[in-house]
Amino acid sequence: MTENKETTKETLNFIEQIVEEDLASGKHQTILTRFPPEPNGYLHIGHAKSICLNFGLAQKYGGKTNLRFDDTNPEKEDVEYVNSIMEDIKWLGFQWEGDHHYASDYFDTLYEYAVKLIKAGKAYVCELTPEEVSEYRGTTTKPGKESPWRNRSIEENLSLFEKMKNGEIEEGKMMLRAKIDMASPNMHMRDPIMYRIRKVSHHRTGDKWNIYPMYDFAHGQSDYIEGITHSICTLEFEIHRPLYDWFLDQIADKDKIRPRQIEFARLNLSYTIMSKRKLLELVEKKVVTGWDDPRMPTISGFRRRGYTPESIRNFADEIGVAKRDGIIDVSLLEYFIRQDLNKNAERRMAVLNPLKVVITNYPENQTDELEAVNNPEDESKGKRKITFSRELYIERDDFMEDPPRKFFRLTVGREVRLRYAYFITCNEVVKDENGEIVELRCTYDPATKGGDSPDGRKVKATLHWVNAREAKDVEVRLYDRLFVKEDPNEVEEGQSFLDNINPDSLKIITGKVEPALTKVMPEEKYQFERLGYFTVDKDSTPEKVVFNRTVTLRDTWAKIKGK
Ligand code: ATP
Ligand code: MG
């Protein structure tokens, strides 16, 4: 029994350990976590990590998770973002408890807390200019100086704060500050700003407020109001924790749950940027087609690209939670989508760079029906019929006129297998006036139907192909990494992250596919044999089918891991 317990303990991460201790000690009967996005952009893969962590923890321990929009900044927020965030969380497979919340729901309560602090002599209205504020703050090595407005009477503070609220004071002229310690070694404790005057409309509270709480004053208190037990956030907030605790010390009721803040390292991915400001810049400068461009690291971008919720959740589980910042190799994420699609995507044949093949010994008006396996990993997916005729397409790369020694695919005088069809031998190359190969003339061996030779004859290559007489054209969007540098934020002097954009991150081509691939719906996923996994784009119509390449077949991660 004890032994068993210890083994499970070892596999717990540090956050799960805290939760288990809190449940075991009776500190909490149940846990309530939250995901608190600021609605100023679309969610990205880093947010997905945080979502999986918060919702996953609650699921594991039978608790619940709130969704709260941190809308304390009136200017930058947008209903479009609120909706996209909810859609993305649901798509990932999670459901928040009850209705979603907004920090702005608590503006009245936060105001009361501020008044309470003023009444306790713990907050004051300060009239320093922004320049003076930073000058008075000191530095990490030099203590700050107290504001001359710090010792106003409680009555004067109350009356000025009310005037600020009522719009009677000009923007920038006054602010409410916590009275803590200008000499604290923690800069966040040097009388931080709690409220500032902003005479702008808020997307939810309209013109009701002329003052808005700072994030640092709103965030911890919002968690407290909702009864959050474990406030999980990223490492940069570790240094804010003493301030959040100080605020709660002033306002918290002894009988109410006090949230415990736990920090973990944010997710960084190679070849990827995660800053919402920079992602917005990509959208606004039309470097990408929108927030859901399949090259974007947004959840909606990954979805459109063809990633599944499972693959993202499995990735988040695999990377776990760390206490120190690091960079995860983007190929690990690719590994998880390959794993998923290998199991679940049906196979089809498509030729993306077609070269015509004429089977000279195949009757002109004949068509053969052959059987192709839909998914070798899943027998229940069955087989489908494909057709073969005198004219086919193969991949241009699969033929070389003067091949190097290690090239085992098609060349003049060599026999190869066409997948699920026959062995063919190339006899002749037809070129146009520029010397470019436009056609191969081959013969087939009827005895090899289905792709097996009756006499045990071996070939060194199996090629994918389509029947040229029935193949349909589709648009195929070949995506590559959006950035050429592992760390896109690493720039030369005078340059920006935009200078690290990969100019070849999207190539649009027309491919030839099995006719079945034109009766598809957006988000359907297929493996194009030997080429990669492809997902039907939302732009796709019955008239013009569009595929996004989700990921190639080559698995660099398995190689790294030695799998
Ligand atoms: P901003 O700079 O606009 O505040 P943000 O990345 O902090 O950007 P939020 O909307 O505030 O975005 O984040 C919501 C939640 O997602 C927060 O709890 C934050 O800690 C978490 N989060 C954001 N980025 C990452 C990341 N890269 N890895 C893990 N968690 C993240
Ligand atoms: Mg934030």
Side-chain angles (χ1 to χ4, degrees), residues 13 15 32-58 65-78 80-86 88-89 92 94 96 100-104 213-216 218-220 222-223 226 228 230-241 244 259-283 291 296-302 312-313 315-330 332-333 487-489:
N13 65 47
I15 302 179
L32 182 62
T33 59
R34 87 287 181 263
F35 177 63
E38 191 178 338
N40 62 350
Y42 280 58
L43 297 182
H44 55 57
I45 187 77
H47 294 117
K49 167 72 215 168
S50 172
I51 291 168
C52 291
L53 183 58
N54 280 292
F55 283 88
L57 208 58
T65 305
N66 281 359
L67 169 61
R68 179 177 71 245
F69 291 101
D70 236 314
D71 58 351
T72 46
N73 189 343
E75 288 120 299
K76 287 195 295 182
E77 289 142 11
D78 201 311
E80 179 195 349
Y81 297 139
V82 167
N83 291 334
S84 76
I85 288 170
M86 292 198 285
D88 288 348
I89 297 171
L92 275 176
F94 298 110
W96 51 93
H100 57 279
H101 306 274
Y102 293 89
S104 58
M214 301 300 287
Y215 179 85
D216 273 352
H219 191 74
S222 300
D223 282 347
E226 291 181 7
I228 303 299
H230 299 87
S231 303
I232 299 162
C233 62
T234 42
L235 282 180
E236 68 273 24
F237 290 101
E238 189 166 10
I239 192 147
H240 297 238
R241 178 153 31 100
Y244 297 169
R260 168 161 179 188
Q261 176 170 309
I262 310 166
E263 303 87 9
F264 74 103
R266 60 173 53 232
L267 167 66
N268 297 305
L269 264 188
S270 60
Y271 298 98
T272 309
I273 55 164
M274 298 271 199
S275 144
K276 280 189 277 186
R277 184 179 57 75
K278 288 178 181 166
L279 294 175
L280 177 64
E281 204 174 327
L282 293 174
V283 173
W291 284 99
M296 289 283 270
T298 52
I299 296 177
S300 52
F302 280 116
I312 295 176
R313 291 201 304 261
F315 168 72
D317 276 355
E318 167 79 20
I319 56 178
V321 283
K323 261 286 181 196
R324 219 177 307 153
D325 280 316
I327 298 179
I328 303 285
D329 194 323
V330 69
L332 180 62
L333 181 57
D487 176 5
N489 291 315

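Whatever order the structure lists them in is the order used to number ligands and atoms, beginning at 1. On a predicted model such as this, the values are computed, not experimentally measured, just so you know.
- In the candidate list R266, M274, K276, K276 is nearest to atom 9 (P) of ligand 1, counting heavy atoms.
- With ligand atoms numbered from 1 in the order given, ligand 1 contributes 16 (O), 21 (C), 30 (N) to contacts under 4.0 Å with heavy atoms of S50.
- When all heavy atoms of L279 and H44 are compared, the pair lying nearest together is CD1-CD2, 4.0 Å.
- Considering backbone and side-chain N/O atoms, K49 never comes within less than 3.5 Å of an N/O atom of ligand 1.
- Contact annotation for F237 and ligand 1: no heavy atom of the residue comes within less than 4.0 Å of the ligand.
- T234 contributes no side-chain N or O that, together with a main-chain N or O of E236, makes up a donor-acceptor pair within less than 3.5 Å.
- At least one N or O atom of L267, backbone or side chain, sits closer than 3.5 Å to an N or O atom of ligand 1.
- With a 4.0 Å heavy-atom cut-off, ligand 1 is reached by the backbone of E38 and by its side chain too.
- Side-chain N/O atoms of Y102 and H100 include a donor and acceptor closer than 3.5 Å.
- Residue-level proximity to ligand 1 for N40 is carried by the side chain, the only part with a heavy atom below 4.0 angstrom.
- Here atom 6 (O) of ligand 1 lies nearest to H47 when heavy atoms of R277, H47, R34 are compared.
- Y81 and E38 share no donor-acceptor pair across their side chains, judged by distance under 3.5 Å alone.
- Here is the list of ligand 1 atoms found below 4.0 Å of a heavy atom in T234: 20 (O), 29 (C), 30 (N), 31 (C).
- Judged by distance alone, the side chains of N54 and T65 never bring a donor and an acceptor atom under 3.5 Å apart.
- The closest heavy-atom contact to atom 26 (C) of ligand 1, among the options S275, P39, G46, comes from G46.
- Although no hydrogens or angles enter the test, the distance criterion places no donor-acceptor pair under 3.5 Å between the side chain of K276 and the main chain of L43.
- Looking at C52 and F94, their side chains come closer than 4.5 Å, going by heavy atoms from C-beta outward.
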